[in-house]
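Below is one structure, written out as structure tokens, with a few remarks after it.
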Amino acid sequence: MGTKGKEIVRISVNKLLKLLNKAYADEWLAYYQYWVSAKIVKGKMRKAVADELVEHASDELKHAGMLADRIIQLGGVPLTDFTKLNNNANCKYANPTKPDTAKILRQAIDGERCAIDVYNELLKVLKDKDEITYHTVLEILEDEVEHEEDFQTLLDDVKSLTKGKA
Ligand code: FE
Ligand code: FE
Ligand code: MG
């Protein structure tokens, strides 16, 4: 990266690159989980749930892109090996083996909560150390908070439909 651009980062760039690559791995797993869940989801409010998953999948892919750009700017390389994406992630991939809308939404909510924790911790590491990465991570965290709320609201709707039927 540019000499001056690197100079203003007051944290170990190697340590930072490891943290950013772990978050990058999380984003790919979340992207794939939502993408494939949208394809196979069944049951109550299927269309609404699938549409929200598609929308969020595209946000996660955007986050992966933002992290990759900053990793490259810092002189690193985004993980290129799929096995490493899986092994380095902070948040585990939740395999949608039981693809009814409530279960899919619960898995997605767990994922968003994990992401919120990861980015919130990352902000603490970056605070007063690296304003550029801080700004990027804050922008991602804002999306994850919105994602959690969107999925929770949908799950409440699905649950109230279930109650109404009983
Ligand atoms: Fe994300
Ligand atoms: Fe998200
Ligand atoms: Mg949304």
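Hydrogens, waters and symmetry mates play no part in the numbers below; they use all other heavy atoms, side chains included.
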Lys/Arg-Asp/Glu bridge criterion (N-O < 4.0 Å) met for K62, D143: yes
Exercise: do Q152 and R113 side chains pair donor with acceptor under 3.5 Å: yes
Verdict with reasoning, V77 to I72, per side-chain contact (heavy atoms from CB on, under 4.5 Å): CA-CA 6 Å; V77 181; I72 291 163; over 6 Å; no
Which residues share a ring pair (Phe, Tyr, Trp, His ring centres under 6.0 Å) with F151, sequence neighbours left out: Y34, H56
Pair L126-L138, side-chain contact (heavy atoms from CB on, under 4.5 Å): steps then yes or no: CA-CA 10 Å; L126 294 165; L138 181 59; over 6 Å; no
Under 3.5 Å side-chain donor-acceptor pair for E60 and H147: yes
Nearest-0.5 Å distance, CD1 of residue I140 to NE2 of residue H135: 11.0 Å
Audit row: H63, E139, side chain to side chain donor-acceptor pair (under 3.5 Å) steps and yes/no: CA-CA 9 Å; H63 297 161; E139 209 178 301; over 6 Å; no
From L74 atom CG to T133 atom OG1, the distance as rounded to the nearest 0.5 Å: 5.0 Å
Q107 side chain reached by I104 side chain, heavy atoms, under 4.5 Å: yes
Minimal non-hydrogen separation, Y24 against A68, with atom names: CE1-CB, 3.8 Å
side-chain contact (heavy atoms from CB on, under 4.5 Å) between I116 and V145, intermediate numbers included: CA-CA 7 Å; I116 290 169; V145 166; 4.1 Å; yes
Residue pair T136 / R70, side-chain donor-acceptor N/O under 3.5 Å: no
Separation between SG of C114 and CG of L29, rounded to the nearest 0.5 Å: 10.0 Å
